[in-house]
Structure formats: C-alpha cells, structure tokens
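First the structure, in the form of structure tokens, and then the observations on it.
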Amino acid sequence: MKGVQRRLVLLGTAWSRSCSYSAFQHYVAPETSLLLSHCYNRDLPRAMQTLDTMERRGVWADAIAYSELIKCCLAHKAVKEGKHVHNHIFSNGYQPKTFLVNTLVNMYVKFNLLEEAQILFDKMPERNVVSWTTMISAYSYVKLNDRAMELLVFMLRDGILPNMYTFSSVLRACERLSDLTQLHSGILKVGLESDVFVRSALIDAYSKMGELLEALGVFREMVTGDSVVWNSIIAAFAQHTDGDEALCLYKSMRRAGFLADQSTLTSVLRACTSLSLLELGRQAHVHVLKFDQDLILNNALLDMYCKCGSMEDAKFIFNRMAGKDVISWSTMIAGLAQNGYSTEALNLFDSMKVSGPRPNYITILGVLFACSHAGLVNEGWYYFRSMKNLYGIDPGREHYCCMLDLLGRAGKLDEMVTLIHEMTCEPDVVTWRTLLDACRAHRNLDLATYAAKEITKLDQHDTGAYVLLSNIYANSKRWDDVAEVRRTMRERGIRKEPGCSWIEVNNQIHAFIVGDKSHPQIDEINRKLNQYIRWLTDTGYVPDTNFVLQDLGEEQSEYSLRHHSEKLAIVFGIISFPREKTIRIWKNLKICGDCHMFAKLVAKQEQRHIVIRDPIRYHHFQDGVCSCGDYW
DNA sequence: ATAGGGTTAG
C-alpha cells in the first residue's frame, strides 16, 4: 500500500513536471497557446487572467510560456505580477528546471530586487554558468564589487567554468591590479580573449587602474574587434588626459572603416577639451548634430566650448539643450565662473535653484569659484556655510580649497589659517599651495615659508612649492635664500618644468618653449616682439622681473622674460589671425606677471581678444583688462 | 536565461 501511494505521488510529480517539459507537450494545458499569444502581444492583464483560469483548473503551462510571461512582466515593470508568476511556478511542490529559475532570478535582478534574487539563487538545487553570471553581473552593476568578486570565487569552487559573459561582468567589478592580472590570465587560459565583450571589458578595467600600456597591449592584439572595443581604448586615453593619443586612435578607427557613434564622439570632444582644440572641436560638433538627443554627448560638447574659452558657443548649446541634467548646469556654471563671468554664473545658479535639478557637490564648487573670482567674500561664506543645510552636501576638501582661494584673493590670510585649522579633512598639498599663492600675492613672507615647508613635508618633489618660495625670496631680494632653495632643488633633483605654450592655427598646433628658436617663423615673431617691447617701454612699461626664478643679471632675466613662451605665442597669433579672430593660447604653467601685463597692453593696443588658459584658470584679455581681475 | 564603451571638479 505504502509503495503504491509513493508511486502515485511520484506519478503526480511526474505529471506536473511533464507540463513544463517540451518532450511531453501533449500534457501541456490547452490554455498555453492563448497565454503565449497574450504574452507576445505584451497584453499583461489578459495573460494574468489566463494564468488564473489555469490555476483554477489545476493545469500548468510549459517553461517557454512562463519565460515569455516573465518577459511580459518585465516589459510592464509589473513587480506584483512577477511575484505571482514566481509563486505559481513553485506551487504544488513543483521543482522547475534551472533554466526557468534563472529566468526568475534575472527578473528580480531587473526589478532591482537583489535580495529576492539572492534568496531564490541560494535555494537552487543546481546552478549553472548562467545562474552564477546573472548574480555576478547584478552585483557588479550596482557596484557591490567585492560581492561580485566573491561570487566568482564561490563559482569556481563549485566547479563551474566562467564563460565570456561571466568575465565581462566580473571585469567591471575588478578593483585591484593583482585580481585583474589573474582574471586576464584566466581568460587567456580558456581562450576567451578574442571575444569582443571580454576585450573591451579588459581594456576598460586596465584603463580604470591607469594601466594604459596594458590596455593598449590588449587592444593591439586585436584580431577581432568592433566599434565598442575602439571606443574603449579611445576613452581610456581621453579620460587619462592623453588627448593626442586618443585622437590618433580615433583617426585609425576611421581608417579601419568604423563609424563614430555617441561614445566615440564624446571621447573625441573630451580630447579636444583637454588639448584646447577649439577648431577640431567645432568639426566634431558637426557630427554631434546627428545625435541631437544624446545628453552625455551634448554635455561633453558644452564642456568643450567652456574649456576652450568660447562662451558664446557654450551658451548657444546650453540654451538649445532640451533635457539638461545636473552635469549640464554644473558645467555651465563652472564654465562661466572660470572664464570670468561670475555674475552670470551666480545668476544661472539662481535659475537652477528655481527650475533646474538639485545641485550636487560639483555644482557648489562652481558657485564658490564664481564668488571667489568676483571677490564676493560674504556670498561665498553664505554658500559655504549653508550647503549642508540647503543641499545636504558636506563641504569636502575642494570646497575648502575654493573658500581658501576666495579668502586669499581678498587678502584675508588670517582667516585662511583659521579655516585650514577648521577643516574636517586633512589639509593636502593643494590646500597649502593655495595658502602659498595668497602669500605670494600679498607678500607675506613668514606665512609663505610655513606653507611651503608644509608642502615639501607632504611632497618632497613638489616643483611648484620650491619655485614659489624662490620667487617670494626673489621678490624681497633675499638672494641668499633663493640660492638655498635652488641648492635644495638641485639636491633633490628637481627642475623647473620649462614653460610651454600652444596655439592652434589652421588645424595645426604650434608649440613654443621659453626662448625657443625652432619655429619656422621665429625671426618674424622676434622682430614683432621687439617692436612691441620697444613701443611698450616708450609708454612706460617696465619688465616685471619679479617672476624670474634665478638671480641672473637684470639683462639676462629680461631676455628670458622677453622670450617666455606665451609672449611668442601671442605674437604668432597676432601675425597669423585677422583682428576679429580671438587668439586662444593654452599653457602648462601659470602665467607670470610680466606676460600678464604684456598681454593686457598688447590686447588694448591691437584691439584684440586674447584668451590664455593655464592649468587652473582662464585669462580673457580685452581693452587693457583681464577677466581674472589680476589675481591668479 | 547571463556580457562590453561616453559627460561636470581635482
């Protein structure tokens, strides 16, 4: 008797099981085809209705139908219905196959219900590659990277071999170079390196760790490739401010017959941004028009115009953009502020508060920068003190730095020191450098020495600190101290980076280094330069040798000043461009006081608009004044 | 049934 009963139970199970096996399709409920057709039509209410009827009649559909039903729930974002399907599938002690459970796990992942997915996953009697990969990709998607890596280990321990899906998912979660090296060799071992998904994920992972050569290595071995692989390697260089290489790769991509898509163009624009290539950026803009609706791409375009100092274009783009997000607003606010339009930046922030997205950490930085630039000490304090209450953002090191800059401009050195002591995070090199800059501008020798020493404590090789300190001593004609600083620099093997300026003329970059004589038009440039200096001297200009590092004889320091790279670039710009064209120069070091004055006077005399971008700021010279307000 | 690339500051 007992045996018969057991057999009946088994039969029952077998019968209900057979409903989901395609091998026993003749047992599948006749409603199944109706259910399927509702699912294909994405008619969720009717599909659920059909399911109810089947439940009442005690019949089941097959796995194909259930997985279609789950797709339908996903399409409608119908969480409740999805859970219903889940319960239905497991009702009456039915044990669905791994395939179907995977579909359910995936459903919970897509609904962002990771815990539910994990519970279901844990209960699975057997898990295959797809089960594991679904969970790993879920965790790497939400950046629970440790969890994703951990799951890979468990998976391997379970004897399941990862496939290309697994590797491309887990590579996104990889944070340590040693792990990445292991993953890479694992990929080579199973021969998955030719998969384009794995390849781009590998490139991206190396890029995230700053291992660009490794990334390039993976790329160069490419036998198989698609546009995403190209985009990965181009983005890698663009993001690590090697715009030159990024643009070269872009050209090779085009030569290889691939078209640029949104992602490619975003990286190209970023490369133009970092190289200040306005004209090339404009050319890229033409291609951007094809992807009019792409927010990320438009943000990159906006940033390019801001960073290249063309605010007219930036405003045009910004006003035309349909769905502006925090990044669009932040970019525009910071762009206006950096280019000297502080009031406009603050006005824009006001309209953002009314009709824009919620400001974030970076937005506030732009706002503080605007205050700093315009010397609005009280407003700066207000925004700084209220950012926590108004926007729930804790001031970070960068915010402190902006405030310090603001106080430094206003000459409030004591308040700077107080604020540094008040900082919630440890002051870093940038903090002290800001103090040092202020000390130089306001000639506070003692405090400067203190700041410079703090910098060298943190970074033995900070060229800037030594140069600034030496400049301060030079300003006070303390040549012994200058010599001492120079001796320390020599001992530590520190050399002042040579000043270099670039200008784009006819799609060509012309580079100038201090005292450079290699430019083909150097004679003409020098003739014109001497002409300007003579004329300026006649009108009362005195070379400001305070910025010269070494205690050379006056004549020699005048010579070196006269041939500072930005002067050469300015003169070259004047020779090359018609009057109405803005002369745009970018350089690797901060502009010196003498060149700054030179630029102001020449801009006025020649009625030119000159823009010089240094590593931190922008200087718009027009009508004898500079947008920086003579503080930098 | 499971996978890869792009935007703001520093």
Value in whole Å for how far the [atom2] atom of [N] lies from [atom1] of [X]:
X         : N      : atom1 : atom2 : answer
Leu183(A) : dA3(B) : CG    : P     : 17 Å
Ile70(A)  : dT2(B) : CD1   : P     : 11 Å
Lys324(A) : dT8(B) : NZ    : P     : 18 Å
Leu365(A) : dA9(B) : CG    : P     : 10 Å
Asn298(A) : dG6(B) : CG    : P     : 18 Å
Tyr361(A) : dT7(B) : OH    : P     : 19 Å
Leu104(A) : dA1(B) : CG    : C1'   : 10 Å
Asp394(A) : dA9(B) : CG    : P     : 22 Å

Counting any heavy atom closer than 4.0 Å, what does [X] reach on the DNA or RNA strands: base, sugar-phosphate only, or nothing?
X         : result
Thr331(A) : sugar-phosphate
Leu297(A) : base
Val196(A) : base
Ala334(A) : nothing
Lys110(A) : sugar-phosphate
Val105(A) : nothing
Asp195(A) : base
Lys307(A) : sugar-phosphate
Thr134(A) : sugar-phosphate
Arg397(A) : nothing

Step by step, work out the side-chain hydrogen bond (donor to acceptor under 3.5 Å, both in side chains) result for Gln118(A) and Tyr139(A).
CA-CA 10 Å; Gln118(A) 182 71 53; Tyr139(A) 283 116; 2.7 Å; yes

I'd like to know if Lys388(A) and Asp394(A) make a salt bridge, using a cut-off of under 4.0 Å between side-chain N and carboxylate O. yes

Between Pro359(A) and Ile393(A), the two heavy atoms sitting closest are O-CD1, 3.7 Å

Give a yes or no on whether a donor-acceptor pair under 3.5 Å exists between the nucleobase atoms of [N], that is its base, and the side chain of [X].
X         : N      : result
Ser168(A) : dA3(B) : yes
Asp226(A) : dG4(B) : yes
Asn128(A) : dA1(B) : yes
Asp294(A) : dG6(B) : yes

Discussion item. Taking atom OH as the centre, does Tyr141(A) end up with more than 12 heavy-atom neighbours from other residues, nucleotides or ligands that are less than 6.0 angstrom away?
Written reply: no

Check whether the side chains of Tyr206(A) and His184(A) place a donor and an acceptor atom closer than 3.5 Å, and report yes or no.
-> yes

Q.
Please tell me whether Asp325(A) and Ser328(A) have a donor and an acceptor in their side chains that are separated by less than 3.5 angstrom.
A. yes

Is the phosphate of dT7(B), meaning OP1 or OP2, less than 4.0 Å from a side-chain N or O of Gln262(A)?
-> no

Has Arg270(A) got a side-chain N or O lying under 4.0 Å from the OP1 or OP2 atom of dT7(B)?
yes

Testing dT2(B), dA3(B), dG6(B) for proximity to the side chain of Met164(A), the answer is dA3(B)

Closest of dG4(B), dG10(B), dT7(B) to the Gln338(A) side chain is dG10(B)

